[in-house]
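The block underneath contains the structure these notes are about, expressed in structure tokens.
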Amino acid sequence: MKLVTAIIKPFKLDEVKEALEAYGIAGMTVSESSGYGRQRGHSEVYRGAEYTVDFVPKVRIEVIVEDMDAAAVVDVIVKTAQTGRIGDGKVWVMPVEDVVRVRTGEHGPTAL
Amino acid sequence: MKLVTAIIKPFKLDEVKEALEAYGIAGMTVSESSGYGRQRGHSEVYRGAEYTVDFVPKVRIEVIVEDMDAAAVVDVIVKTAQTGRIGDGKVWVMPVEDVVRVRTGEHGPTAL
Amino acid sequence: MKLVTAIIKPFKLDEVKEALEAYGIAGMTVSESSGYGRQRGHSEVYRGAEYTVDFVPKVRIEVIVEDMDAAAVVDVIVKTAQTGRIGDGKVWVMPVEDVVRVRTGEHGPTAL
Amino acid sequence: MSSLLAFAAAEPPPTLDSGNTAWMLTSAALVLFMTIPGLALFYGGLNRSKGVLNMMMMSFGPFGLIGVIYVLWGYSMSFGSKDIGGIIASPLEFWGLKGMLPGEPGATVLQDGGIPTLIFVGFQFTFAAITVALISGALSDRVKFSTWMVFSALWVTLAYFPLAHMVWGGGLLSGSADGIAAKLFGLTDGAATIAPIDFAGGTVVHINAGMAGLVLALIVGRRKGFGKVPMRPHNVTLVMLGSGILWFGWYGFNAGSALAANDSAALAWVNTTVATCAAMLGWLVVEKLREGHATSVGAASGIVAGLVAITPACGNVTPLGAIGVGVIAGAAAAMAVGLKYRLGFDDSLDVVGVHLVAGFWGTISLGIFARGTGLAYGDWRQLVVQLIIALVALVFTAVVTTVIALALKATMGWRISEDDEVAGIDQAEHAESAYDFGGRGAGRVSPLGQHEPDARHHHEIDSEVHA
Amino acid sequence: MSSLLAFAAAEPPPTLDSGNTAWMLTSAALVLFMTIPGLALFYGGLNRSKGVLNMMMMSFGPFGLIGVIYVLWGYSMSFGSKDIGGIIASPLEFWGLKGMLPGEPGATVLQDGGIPTLIFVGFQFTFAAITVALISGALSDRVKFSTWMVFSALWVTLAYFPLAHMVWGGGLLSGSADGIAAKLFGLTDGAATIAPIDFAGGTVVHINAGMAGLVLALIVGRRKGFGKVPMRPHNVTLVMLGSGILWFGWYGFNAGSALAANDSAALAWVNTTVATCAAMLGWLVVEKLREGHATSVGAASGIVAGLVAITPACGNVTPLGAIGVGVIAGAAAAMAVGLKYRLGFDDSLDVVGVHLVAGFWGTISLGIFARGTGLAYGDWRQLVVQLIIALVALVFTAVVTTVIALALKATMGWRISEDDEVAGIDQAEHAESAYDFGGRGAGRVSPLGQHEPDARHHHEIDSEVHA
Amino acid sequence: MSSLLAFAAAEPPPTLDSGNTAWMLTSAALVLFMTIPGLALFYGGLNRSKGVLNMMMMSFGPFGLIGVIYVLWGYSMSFGSKDIGGIIASPLEFWGLKGMLPGEPGATVLQDGGIPTLIFVGFQFTFAAITVALISGALSDRVKFSTWMVFSALWVTLAYFPLAHMVWGGGLLSGSADGIAAKLFGLTDGAATIAPIDFAGGTVVHINAGMAGLVLALIVGRRKGFGKVPMRPHNVTLVMLGSGILWFGWYGFNAGSALAANDSAALAWVNTTVATCAAMLGWLVVEKLREGHATSVGAASGIVAGLVAITPACGNVTPLGAIGVGVIAGAAAAMAVGLKYRLGFDDSLDVVGVHLVAGFWGTISLGIFARGTGLAYGDWRQLVVQLIIALVALVFTAVVTTVIALALKATMGWRISEDDEVAGIDQAEHAESAYDFGGRGAGRVSPLGQHEPDARHHHEIDSEVHA
Ligand SMILES: Nc1ncnc2c1ncn2[C@@H]1O[C@H](COP(=O)(O)OP(=O)(O)O)[C@@H](O)[C@H]1O
Ligand SMILES: Nc1ncnc2c1ncn2[C@@H]1O[C@H](COP(=O)(O)OP(=O)(O)O)[C@@H](O)[C@H]1O
Ligand SMILES: Nc1ncnc2c1ncn2[C@@H]1O[C@H](COP(=O)(O)OP(=O)(O)O)[C@@H](O)[C@H]1O
């Protein structure tokens with residue numbers, strides 16, 4: 001199996017979730033994170049001083065998939081999350097040796 | 001070495017931590033996340049409208065372990081975090097090529 | 001490519017970010033997390049009871065790098081984040097099979 | 001403010017009453033507290049977190065502006081003696097509050113309860129300011145701050161001051177001999193036999209603000225994602241806090257409108273309390289029956305609905321009548337707030353559902369419950385009078401607000417860019433974010449003035465847009 | 001409320017005093033502000049975040065209910081003239097506040113300070129409401145909202161109104177000729193020689209609420225994980241805010257209980273201030289010595305303990321005496337709040353440790369410090385009288401509360417399900433969550449009324465239970 | 001407090017005025033509310049989250065201490081009749097408020113408005129307490145709580161009471177025959193021809209606190225990372241709430257300083273309002289021009305600057321004059337707050353930029369706008385007098401504060417350790433953290449007293465230090 005990790009813009013989360021559902025992915029795990037890259041942060045002003053916030057809010061999605069699905073899932077995410085503007089994010093794929101469903105103890109693909 | 005990642009129900013964190021300690025694991029990293037899967041979210045009501053919250057709060061645990069410990073650690077987590085109810089979570093294992101302890105610069109298993 | 005994950009003390013984030021920039025790394029993803037290890041938490045007192053907070057706030061950095069950069073990047077992080085005190089954190093390296101830039105759909109090293 | 005009609009005509013009593021003055025000093029401060037920070041917190045908490053500061057600034061900003069305006073021409077236009085057609089008074093008569101300061105001969109004019117004119121001015125200012133702030137709830141997350149400030153100045157001058165004059169300053173909607181009520185049912189002792197009742201501002205404040213909110217919601221348009229994306233309250237503790245401050249301050253609003261510390265103020269106090277309690281229960285029961293849960297946002301909203309409804313009525317109904325006014329207000333508003341999703345207008349924080357509905361109900365409820373003259377006492381004429389003033393106020397405001405809003409749409413424009421709306425109005429309009437609990441994620445600090453003032457604002461933001 | 005005994009007998013003075021009335025209008029609003037939102041925020045901030053809204057609703061909900069009850073039968077039962085056995089008065093005499101409105105002949109009855117009866121009603125209502133709200137601190141995170149509402153109505157009627165009547169309405173615990181104190185040490189001029197003192201509610205409010213909290217904590221049982229899992233305050237800034245609002249509002253409670261703006265109110269003002277300051281220091285010093293740190297939750301708690309203790313005493317001790325009352329109250333409560341862990345009852349937010357302990361101490365402190373009659377002035381009889389009224393109040397409340405609580409346990413039940421408790425009571429009982437800082441994680445929005453009302457509530461939640 | 005000079009000399013009128021007393025009871029409570037919790041929230045919200053509780057405790061802690069001190073010797077030193085060299089009065093005369101309680105013969109002394117002496121004591125205490133709390137804004141995140149408490153006690157005694165005596169108690173800076181003003185321009189009817197004006201505390205409160213803040217910021221030194229790491233407000237909704245409470249409470253401060261519910265209080269009410277409105281606009285306009293955005297922290301700060309500036313002037317200028325005082329105050333403070341980065345002193349929350357600048361401007365603005373005697377009315381002598389009292393106050397405070405601060409530096413020390421500062425002062429000094437929204441991350445709970453009190457505090461923390 002593979003772990004697909006995607007860093008995307010937060011407002012794209014709902015769309016990506018729906019696209020993955022439509023593809024047939026039934027589960028995922030999401031967390032908040034901050035990104036640093038080409039996309040610059042913003043300035044804030046408080047009482048006579050200005051602050052630059054370097055990091056930009058991002059959402060981080062993790063989906064475990066079967067090997068054969070990995071490329072397609074990456075594709076779905078990339079297509080849906082794309083706005084064509086700087087800061088759209090990254091998606092990467094890593095090998096997973098085993099997965100277990102906590103509820104049942106099942107191993108491997110059936111645990112998804 | 002292996003990285004064991006576990007997505008579990010938040011209230012199981014303390015128990016899992018203790019079980020891992022009992023097994024001999026001395027360190028881990030924990031973060032907040034939200035899960036999507038068979039377990040459904042809940043509804044909230046605000047002034048004439050109802051909202052469905054799709055994501056369910058989860059805790060994400062990362063533990064680096066030596067190769068031989070991986071299976072046992074997965075086992076400990078699964079056993080302790082199990083309630084038998086939908087949404088108990090997933091645990092997965094990935095290969096790690098190197099680990100370093102920042103304080104000393106030690107590499108490999110001794111860095112744990 | 002490789003994924004370098006680093007767990008460090010939060011106040012070291014700015015320094016590490018600058019050191020990585022200086023090395024030539026242009027992007028990273030950061031999230032808040034809590035660590036458990038040799039470094040102990042602290043106590044808090046509220047109305048006649050005392051609480052021990054076991055987890056210590058940490059920052060989690062993820063950087064995808066080309067294979068040849070992995071060792072050097074680990075080095076830069078370890079050097080910069082080091083204070084020599086317990087709890088400085090861990091850095092680990094994992095294999096990545098593919099990366100995509102969401103904005104353009106580019107694959108592999110050029111996506112970084 | 002029941003005694004204002006009398007005041008408009010009567011010569012002032014010669015001595016100051018320290019007790020009444022103490023109560024008015026307190027009441028005026030209480031009404032200020034309703035807006036700053038009460039309403040701002042109530043609305044801010046109901047908003048999404050990316051626009052909470054803008055929502056608060058939509059109360060704070062106009063408050064500052066109207067404070068200055070009220071001293072310059074607002075008081076004079078509302079309560080001056082140089083009436084123009086029953087609709088407005090001359091702005092020049094008391095320009096800059098001239099002639100009213102301590103020691104000035106004609107200026108130590110006292111209201112009939114023996115209070116200094118100046119504290120009456122202060123008290124009335126706070127009403128004008130909160131009315132404008134109330135409207136802002138219809139406009140969250142999408143309006144240029146500059147347009148909103150200009151709107152505030154125009155609207156308070158062209159819609160609020162006239163209505164205050166018509167109702168409380170002896171104009172068309174008052175009980176004066178030239179008013180509509182007198183034309184309808186005749187005069188007794190030189191005033192309308194069946195005088196319209198608006199003790200503390202059902203028409204002037206709530207119908208006025210509610211209708212303006214509806215017009216603006218329609219003209220300005222919806223938030224991006226309205227009805228699709230959830231837009232739920234980001235901080236309910238602020239909502240509860242805001243509703244509590246509003247309730248507390250409302251004693252100044254209602255019992256203060258007796259303009260004296262007397263029997264009438266005490267009745268207003270009790271009626272305000274019991275109607276609000278009943279309205280909270282009314283809202284919660286509707287929720288419980290309809291959705292299965294009584295919510296805390298519902299309790300806070302019921303409180304506001306009850307306060308609004310009892311506002312015109314608090315001096316003229318019995319406590320049992322007040323329970324009736326309240327419970328119906330709470331239930332009706334609870335049913336009204338969902339309408340915006342069906343009808344498709346984005347009255348973001350329910351100015352229409354709460355203030356227009358409850359304000360209208362409160363005004364006509366007097367036709368039923370007013371002691372002695374209501375339907376419940378066998379007379380139908382009060383009901384007619386109340387319906388008429390409510391409708392006239394509604395139409396007047398709708399027209400004036402439409403004209404102002406369209407004029408601004410054509411000139412300054414109302415909406416911030418879509419990019420800015422998605423990224424969040426707090427950053428776009430105020431260069432701020434409300435919360436920083438983690439203390440992480442900021443890079444450099446530079447004192448202002450060390451670089452060019454124009455080179456650095458949020459064009460750096462690569463705003464996040466739906467493609 | 002020292003003058004109430006006099007009032008019960010005396011004929012009303014003929015004229016209204018606008019100064020006293022102004023102060024009572026203000027005081028009643030201040031006491032309302034203590035609960036809505038003061039106490040709700042104080043308790044809400046001390047609670048875990050998953051139950052903050054329920055905790056606030058446990059103040060708001062009963063407040064609405066008791067507002068209606070007080071107008072219907074509450075005032076009459078507490079202060080009516082038709083006494084029944086020194087314990088209660090007839091609920092019918094002033095049902096719906098009949099006969100008290102402006103203009104009604106026998107109704108413009110004034111209290112002895114020349115204030116309208118209606119504002120006295122309003123003032124007294126706020127006391128009844130806060131007393132019930134205080135109890136809720138013992139019950140966080142685990143109680144059905146419906147049971148709590150029913151309890152509130154029963155308890156205020158069967159425990160609060162009687163005690164108010166006994167102490168302030170001329171009943172058994174007052175200084176009247178038929179009271180216990182008169183039986184003990186005889187009469188002087190038709191009233192007890194050594195009259196019990198409860199200036200603003202040590203027995204009626206704090207002992208009453210504190211004891212009820214203890215009984216309920218025992219009958220309802222502990223939160224899941226009590227004593228094992230940490231349950232610490234989720235938002236200390238709300239706690240500080242709540243304590244500040246409580247302190248501010250308490251001037252209405254204490255100085256307002258003089259029922260006039262006079263010397264006695266001024267003394268109550270100063271004593272309230274200095275006792276509270278001393279109590280805050282007392283609590284902080286205990287913490288510093290015991291744990292090495294003075295905490296802000298400790299400061300807020302010390303403030304409340306001081307306010308509670310000085311409540312019965314504020315009109316009858318010297319400022320130096322008030323320092324003594326306060327410092328002991330703060331230190332004693334700081335030591336008492338840890339007890340629940342040893343004794344194993346889950347008085348979640350320390351109603352017993354703070355209100356019962358400090359309220360009891362404040363009541364008997366008068367036996368020592370009361371000007372003229374306390375031990376410090378060489379007389380021991382006041383101490384006896386104070387001990388007796390404190391103990392009678394304690395036992396009375398314990399019995400009544402136990403009966404009501406057990407009856408509800410057998411019928412409606414007190415506890416939400418374990419699943420719901422673990423998932424969080426805000427979601428389970430109110431279908432809400434307090435905070436949404438991120439603005440993420442919500443899926444669809446649907447206007448209510450478009451699907452079946454019963455088919456959709458939190459049975460969808462797969463609640464998270466300890467297996 | 002304009003009437004205090006008269007009071008110092010005059011014999012008290014024989015009767016109590018309930019209206020004036022009602023207003024003073026209210027005003028004193030309002031001023032208390034400014035600090036607890038108003039200022040604490042305002043400062044707390046401006047602070048980083050890791051020090052919000054400490055910042056709030058720096059208001060709460062001294063408040064408790066000064067409450068006790070004021071009763072013991074503070075009132076006597078400020079307003080006693082036993083003057084020592086025009087600088088201070090004997091602490092013994094009214095020790096423990098002796099002789100002032102109801103019923104004590106010489107003690108029912110009334111102020112000239114017919115108010116009980118005790119409520120004047122209460123009112124004045126709240127001024128002393130807030131002045132000390134104001135200073136704390138210069139010291140966030142780095143100061144030992146114990147040193148701050150000791151400083152408070154010393155400073156209020158050696159700097160505040162003397163200045164209150166000099167200005168309001170008939171001392172050197174008053175209009176008395178022995179004062180500086182009388183020496184300059186002679187006497188009329190036994191008092192200074194051109195009396196200094198400080199209606200509600202421009203010198204005594206704001207110049208005093210602002211200068212003390214500057215001295216302490218210099219002596220204590222900067223926060224680690226000051227000027228490099230961003231230190232931005234962690235919760236702007238608290239800042240807005242705090243500013244609203246301050247504004248509301250300030251009516252007690254300013255209009256209450258008339259010591260009566262009369263014309264003068266009404267003028268103070270209106271001037272306070274309109275100057276504050278104008279100042280908010282002034283600040284926002286400066287920001288808009290300079291940075292392109294009007295911020296909400298700017299609005300809140302402008303409000304405070306306006307309130308500060310109008311404080312000395314509110315009883316003696318016209319409403320149009322008040323607009324002038326306000327708008328200049330807001331603009332000037334907006335420009336002043338950036339200075340600290342250039343000059344390199346860490347006045348963390350801008351006590352100098354706001355209170356010293358606006359307080360100084362407000363005091364000398366009277367030289368221009370004072371009705372009848374200001375420059376605008378053709379007389380220059382008021383300006384000279386105002387400049388002199390402002391400068392004398394400045395120098396006096398600078399000297400006294402320097403001496404106290406250096407003495408404490410040499411003995412107790414001011415700073416917490418660098419480790420603690422980096423980890424956060426809330427944990428280090430108070431063993432608390434302000435927020436726990438997640439409810440995760442805590443391990444065990446143990447009731448206090450089950451292990452050794454000294455073996456467990458934050459030496460376990462492996463504090464995180466920059467190596
Ligand atoms: N080397 C990297 N490793 C991990 N995450 C990265 C890396 N580079 C970028 N990111 C993540 O991707 C996000 C988008 O990258 P950015 O360079 O801003 O835009 P783009 O991908 O469109 O060129 C960043 O905010 C960051 O979260
Ligand atoms: N394919 C997946 N990839 C990553 N995380 C997943 C995946 N499927 C489920 N999860 C995580 O596991 C949690 C539990 O899954 P769920 O389907 O609700 O229950 P169960 O595992 O008991 O069948 C989810 O909330 C989510 O965080
Ligand atoms: N086995 C592990 N797997 C994942 N993270 C770990 C592991 N051990 C430690 N960590 C992380 O590293 C941090 C520092 O570890 P700790 O043992 O406290 O200090 P040190 O690394 O200096 O010996 C921890 O807080 C935790 O976040």
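Each chain gets a letter, A, B and so on, in the order the sequences are listed, and its residues count up from 1. Worth knowing before you read on, the calculation uses all heavy atoms, side chains too, and leaves out hydrogens, waters and symmetry mates.
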- prompt: In terms of heavy-atom proximity below 4.5 Å to chain F, should D:I66 be classed as side chain, backbone, both, or neither?
  reply: neither
task: Identify which of F:T237, F:L284, F:T273 forms the greatest number of heavy-atom pairs closer than 4.5 Å to chain D.
output: F:T237
Residues of residues 320-329 of chain F within contact distance of chain D, non-hydrogen under 4.5 Å: F:L320, F:I323
- prompt: Side chain, backbone, both or neither: which part of D:A129 has an atom under 4.5 Å from a heavy atom of chain F?
  reply: neither
- prompt: So which of F:A255, F:S296, F:G19 has the largest heavy-atom pair count under 4.5 angstrom toward chain D?
  reply: F:S296
query: Using non-hydrogen atoms only, which part of D:L32 is less than 4.5 Å away from chain F: side chain, backbone, both, or neither?
result: side chain
message: Given heavy-atom pairs under 4.5 angstrom as the criterion, report whether the side chain, backbone, both or neither of D:A29 touches chain F.
response: both
message: If you count heavy-atom pairs within less than 4.5 Å of chain D, which of F:T21, F:N262, F:V52, F:L238 leads?
response: F:N262
message: Counting neighbours of CZ on F:R371 that are heavy atoms of other residues, nucleotides or ligands and sit closer than 6.0 Å, is the number greater than 12?
response: yes
- prompt: Do D:D426 and D:S433 get their side chains close enough for a donor-acceptor pair, meaning under 3.5 Å?
  reply: no
- request: If the plane angle is over 60° it's perpendicular, under 30° parallel, otherwise tilted; pick one for F:F248 and D:F33.
  value: parallel
field: ring pair (Phe, Tyr, Trp, His ring centres under 6.0 Å) partners of residues 43-68 of chain D, not counting sequence neighbours, each pair once
entry: D:F63-D:F125, D:F63-F:W247
query: Can the ring centroids of F:F437 and D:F437 be said to lie less than 6.0 angstrom from one another?
result: yes
Segment of F:L267 engaging chain D (4.5 angstrom heavy-atom cut-off): both
task: Go through the atoms of D:L72 and report whether side chain, backbone, both or neither lie under 4.5 Å from a heavy atom of chain F.
output: side chain
message: For D:W148 together with D:F145, are the ring centres under 6.0 Å from each other?
response: no
- prompt: For D:M24, is it the side chain, the backbone, both or neither that has a heavy atom under 4.5 Å from a heavy atom of chain F?
  reply: neither
Under 4.5 Å from any heavy atom of chain F - which part of D:S146: neither
field: Passing option when D:N54 is tested against D:E429, D:E432, D:H430 for side-chain hydrogen bond (donor to acceptor under 3.5 Å, both in side chains)
entry: D:H430
- prompt: Out of D:M149, D:M56, D:M57, which one racks up the most heavy-atom pairs below 4.5 Å with chain F?
  reply: D:M57
- request: Could you note down all residue pairs passing salt bridge (Lys or Arg N to Asp or Glu O under 4.0 Å) where residues 43-70 of chain D supplies at least one of them, sequence neighbours left out?
  value: D:R48-D:D141
field: Short side-chain donor-acceptor distance under 3.5 Å, F:T295 and F:E287
entry: yes
query: Do the two ring centres, one from F:F226 and one from F:Y341, sit under 6.0 Å apart?
result: yes
- prompt: Who are the side-chain contact (heavy atoms from CB on, under 4.5 Å) partners of D:N20, not counting sequence neighbours?
  reply: D:D17, D:I115, D:A260, D:A261, E:S18
query: Given a strict heavy-atom distance threshold of 4.5 Å, which part of F:M240 is in contact with chain D: side chain, backbone, both, or neither?
result: both
Proximity breakdown for F:S27 and chain D, heavy-atom pairs closer than 4.5 Å: neither
F:D346 side chain to F:R223 backbone, donor-acceptor under 3.5 Å: yes
query: Below 4.0 angstrom, N of the basic side chain to O of the carboxylate: do F:K340 and F:D350 qualify?
result: yes
message: With a 4.5 angstrom heavy-atom cut-off, is it the side chain or the backbone of D:V68 that approaches chain F, or both, or neither?
response: both
